[in-house]
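These notes concern the structure reproduced below.
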Amino acid sequence: MIDLKLLQKDFEGLSTSLMRKGVSETLLNDLKEKNETLKIAKAAFEELQAIRNAMSKEFGVYKREGKDINELKARIEANNVKVDAALEVQREAQIDLETLAMTVPNMPDDSVPDGADENENIEMKKVLTPKAFDFKPKEHWELAEENGWIDFERGAKLSGSRFSVSYDMGAKLERALINFMLDFNAKRGYHEVSVPHMVNRTALEGTGQLPKFENDLYKIEGQDMFMIPTGEVPLTNLFQGEIIPYEQLPIKMTGYTSCYRKEAGAAGRDTRGMIRQHQFHKVELVCITKSETSDTIFNEMIECASDILTALELPHRLMQLCTGDLGFGAAKTVDIEVWLPGQDQYREISSISNTRDFQARRAKIRYKDKETKKNTFVNTLNGSSLAVGRTLVAIMENNQNADGSIDIPEVLKPYLNMGA
RNA sequence: GGAUCUUUGGCAGAGUUGGUCGAAUGCACCGGUCUUGAAAACCGGCGAGGGUUACACCUCCCAGAGUUCGAAUCUCUGAGGGUCCA
């Protein structure tokens, strides 16, 4: 949620910033107006309420002193009619404003470049050089099926398209990658956390998936529960509604979860293979911190994810997302894209975002600031480190040999009982 | 699934014959006295959100609805937690 106080204090700055993210001027004016309406409605209600409180107090005194109550009672009742009406007005104004405000995305950082879509993202750097093949590298689904690692047909039989089944080394590699990534992150100071894969509505509102993106989520029938689209949701919401002791910050967490996405808007894209599945494994990083240190931590997270790829000897590049490609809650995002020789292109394998206090404001995650002594919203950051399925894809495509066999990265061998 | 108990400020924990309760007390925290310094001791402050130049004032004792002139306190529903039963 954006800071509604900015509507009064710095409407200019707020709208300039949000318009970069494609929010219309009409909507912003509407928002401002609704905020005004609420303010007025609130003042009216509070005044009447103050009268009621005073008269009720008086009522108690009258009773104790045995005075006649009838006249006062009539006055109170008359006032109460007004109170009820004013409350109703205030309520409507409140809901009006909130409904709208919850759909407004976060403001991008000033440093984020303008741009319409992913084509205008900016490459920050490349790590490792793609190796040259003396044969035409295959795409991962071909390799996966040849090696008997992944079975897309039976996945479809069980659950439909965009599901797959892994066997033998395919399955083992998934497991090895998860463990390797968790251990790697832990060495960088992230505490391992294991969380539920189903969460309630409040959690999803906290991180910004709801109310706007309900169509992308799998909902549990008959309950107000959803399958998580990313581990970011439970990890961040662990602290929902809490005031975190100052000394505990920053909180650095890593966790493995499956992720469940309808991929509603992705019809026709990546229909083959395991690039875009309804269910996929991911190891996530989430940090909760003060605003002063959130940039530092942001960079550490990027480095961590990038270093995992380096350890796996996978060429990749860092992309700074432009305003048009920035997600709903993000103030700033860096994507890591891994080289896929079979596809002859870089593909996203990690996305690291700083949401500043956008999620914190929604989820009410605060800490008491040492200097100002005020309860202050934390900054929350999240990032994949890494998407497991896509890492497996990258290993297959980068490590393939002419005969279709695939070399196992050295760092994974201990996890596969293969010795180093 | 049934029964029963429970849900209070950062934490712990009072507060059920409805009003003077936004709420005792302890811990934690902040400021001070003392001390070479620290600890202890003592004194003072200390829930949150909105509002105001500052006050006033409003809201919040899990959530929602109700009873009442008035609810943390009574009733109902829901959610979370405990215990017993199935």
Side-chain angles (χ1 to χ4, degrees), chain A residues 1-9 31-32 34-99 101-102 195-196 198-206 210-211 219-226 234 237-251 288-290 357 359-378:
Chain A
M1 179 117 92
I2 56 157
D3 186 354
L4 291 176
K5 280 187 200 153
L6 286 177
L7 284 171
Q8 299 170 58
K9 269 195 277 179
L31 198 64
K32 185 180 181 179
K34 287 192 154 93
N35 192 49
E36 284 304 314
T37 309
L38 175 62
K39 234 185 126 174
I40 292 164
K42 250 185 161 163
F45 165 73
E46 284 178 6
E47 198 176 322
L48 290 165
Q49 183 73 324
I51 293 171
R52 164 154 94 180
N53 289 344
M55 289 202 288
S56 277
K57 226 167 226 176
E58 210 178 332
F59 190 100
V61 175
Y62 272 41
K63 247 201 148 170
R64 213 171 314 129
E65 294 174 354
K67 287 194 198 163
D68 177 53
I69 281 161
N70 290 326
E71 188 267 343
L72 178 61
K73 195 166 175 177
R75 262 164 52 208
I76 294 176
E77 270 161 12
N79 185 63
N80 276 355
V81 175
K82 291 193 217 161
V83 171
D84 289 346
L87 178 61
E88 202 41 52
V89 173
Q90 194 223 93
R91 248 187 208 163
E92 260 168 47
Q94 176 104 39
I95 289 169
D96 249 29
L97 176 66
E98 255 167 34
T99 310
M102 285 292 272
V195 290
M198 290 188 258
V199 296
N200 59 30
R201 179 173 294 272
T202 310
L204 287 153
E205 283 173 350
L210 288 179
K219 188 172 193 309
I220 311 298
E221 193 178 332
Q223 289 185 21
D224 212 20
M225 294 264 278
F226 301 82
N237 279 290
L238 280 173
F239 297 94
Q240 178 235 111
E242 297 193 22
I243 298 175
I244 302 168
Y246 184 86
E247 320 79 57
Q248 277 178 28
L249 298 175
I251 295 170
I288 295 180
T289 176
K290 295 168 271 184
D357 60 3
Q359 292 180 329
R361 186 168 278 111
R362 290 177 157 237
K364 298 187 179 64
I365 307 173
R366 294 171 294 174
Y367 73 98
K368 196 180 277 294
D369 189 87
K370 248 203 150 95
E371 266 95 64
T372 65
K373 310 227 161 82
K374 290 233 168 197
N375 289 334
T376 310
F377 290 113
V378 297

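Just so you know, these numbers come straight off a predicted model, no measurement behind them. Every chain is numbered from 1 and lettered A, B, ... according to where its sequence line falls, protein lines coming before strand lines.
- For the P atoms, the distance linking B:rC62 with B:rU8 amounts to 6 Å, nearest Å.
- In this entry B:rA3 has B:rU83 as its Watson-Crick or G-U wobble partner, both defining distances falling under 3.5 Å.
- Across the strands present, B:rU77 finds its partner in B:rA63; the criterion is a Watson-Crick or G-U wobble pair with both atom distances under 3.5 angstrom.
- If you find the closest nucleotide of RNA chain B to A:Glu47 and to A:Thr376, the one lying nearer the 5' end belongs to A:Thr376.
- Judged as a side-chain hydrogen bond (donor to acceptor under 3.5 Å, both in side chains), and not counting sequence neighbours, the contacts of A:Lys34 are A:Asp30.
- No engagement by A:Asn79 is indicated, since no non-hydrogen atom pair under 4.0 Å with the nucleic acid exists.
- Residues forming a salt bridge (charged side-chain N to carboxylate O under 4.0 Å, His left out) with A:Asp68 (at least two apart in sequence, or on another chain): none.
- Rounded to whole Å, the P atom of B:rC61 lies 28 Å from the corresponding atom of B:rU53.
- Separation of the P atoms belonging to B:rU7 and B:rU75 is 13 Å when rounded to the nearest angstrom.
- Salt bridge A:Asp224/A:Lys219: present, at least one basic N to carboxylate O contact under 4.0 Å.
- Nucleotide B:rC55 is matched to nothing when pairs are restricted to Watson-Crick or G-U wobble geometry with both distances under 3.5 angstrom.
- The C1' atoms of B:rU25 and B:rC46 are separated by 15 Å, rounded to the nearest whole Å.
- Pairing for B:rG18 is absent, with no Watson-Crick or G-U wobble pair whose two atom distances lie under 3.5 Å.
- Rounded to a whole angstrom, the distance from the C1' atom of B:rU68 to that of B:rG13 is 30 Å.
- Boundaries of the chain A contact region on RNA chain B are B:rG10 to B:rG70, first to last in 5' to 3' order (nucleotide atom under 4.0 Å from a heavy atom).
- RNA chain B is contacted by both A:Ala54 and A:Lys73; A:Ala54 maps to the nucleotide lying nearer its 5′ end (nearest heavy atom per residue).
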If you look only at distance, which donor and acceptor atoms sit under 3.5 Å apart when one is on a side chain in residues 83-97 of chain A and the other is two or more places apart or in another chain?
| from | atom 1 | to | atom 2 | distance (Å) |
| --- | --- | --- | --- | --- |
| A:Gln94 | NE2 | A:Glu98 | OE2 | 3.1 |

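- Every residue two or more places apart in sequence or in another chain was checked for a salt bridge (charged side-chain N to carboxylate O under 4.0 Å, His left out) with A:Lys364, and none qualifies.
- For A:Asp357, the side-chain hydrogen bond (donor to acceptor under 3.5 Å, both in side chains) test picks out A:Arg361, with sequence neighbours left out.
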Take A:Asp369 and A:Lys374 through the salt bridge (charged side-chain N to carboxylate O under 4.0 Å, His left out) test and state the conclusion after the steps.
CA-CA 5 Å; A:Asp369 189 87; A:Lys374 290 233 168 197; over 6 Å; no

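- The distance from atom CG of A:Asn70 to atom OH of A:Tyr62, rounded to the nearest 0.5 Å, is 11.5 Å.
- The side-chain contact (heavy atoms from CB on, under 4.5 Å) test applied to A:Met198 returns A:Ile220, A:Met225, A:Met227, not counting sequence neighbours.
- Across all strands, A:Arg75 comes closer than 4.0 Å to no nucleic acid atom at all (heavy-atom distances).
- For the salt bridge (charged side-chain N to carboxylate O under 4.0 Å, His left out) test, no residue two or more places apart in sequence or in another chain qualifies with A:Glu221.
- Residue A:Lys42 is in sugar-phosphate contact alone, with no base atom involved, counting any heavy-atom pair closer than 4.0 Å across all strands shown.
- Residues passing the side-chain contact (heavy atoms from CB on, under 4.5 Å) test with A:Asn53 are A:Gln49, sequence neighbours excluded.
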What do the steps show when you test A:Lys39 against A:Gln8 for side chain to side chain donor-acceptor pair (under 3.5 Å), and what is the final call?
CA-CA 11 Å; A:Lys39 234 185 126 174; A:Gln8 299 170 58; 3.1 Å; yes

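- The residue A:Asn200 sits apart from the nucleic acid: no heavy atom pair falls under 4.0 Å.
- For the salt bridge (charged side-chain N to carboxylate O under 4.0 Å, His left out) test, residues two or more places apart in sequence or in another chain that qualify with A:Glu71 are A:Arg75.
- Partner assigned to B:rG26 is B:rC11, using Watson-Crick or G-U wobble distances below 3.5 angstrom.
- Of the residues in residues 360-368 of chain A, those with a non-hydrogen atom less than 4.0 angstrom from any atom of RNA chain B are A:Arg366, A:Lys368.
- Across residues 92-99 of chain A, not one residue has a non-hydrogen atom less than 4.0 Å from an atom of RNA chain B.
- With both ends at atom P, the span from B:rG81 to B:rC74 equals 23 Å, rounded to whole Å.
- B:rA24 sits 33 Å from B:rA79 when the P atoms are compared, rounded to a whole Å.
- For the C1' atoms, the distance from B:rC27 to B:rA14 is 15 Å, rounded to whole Å.
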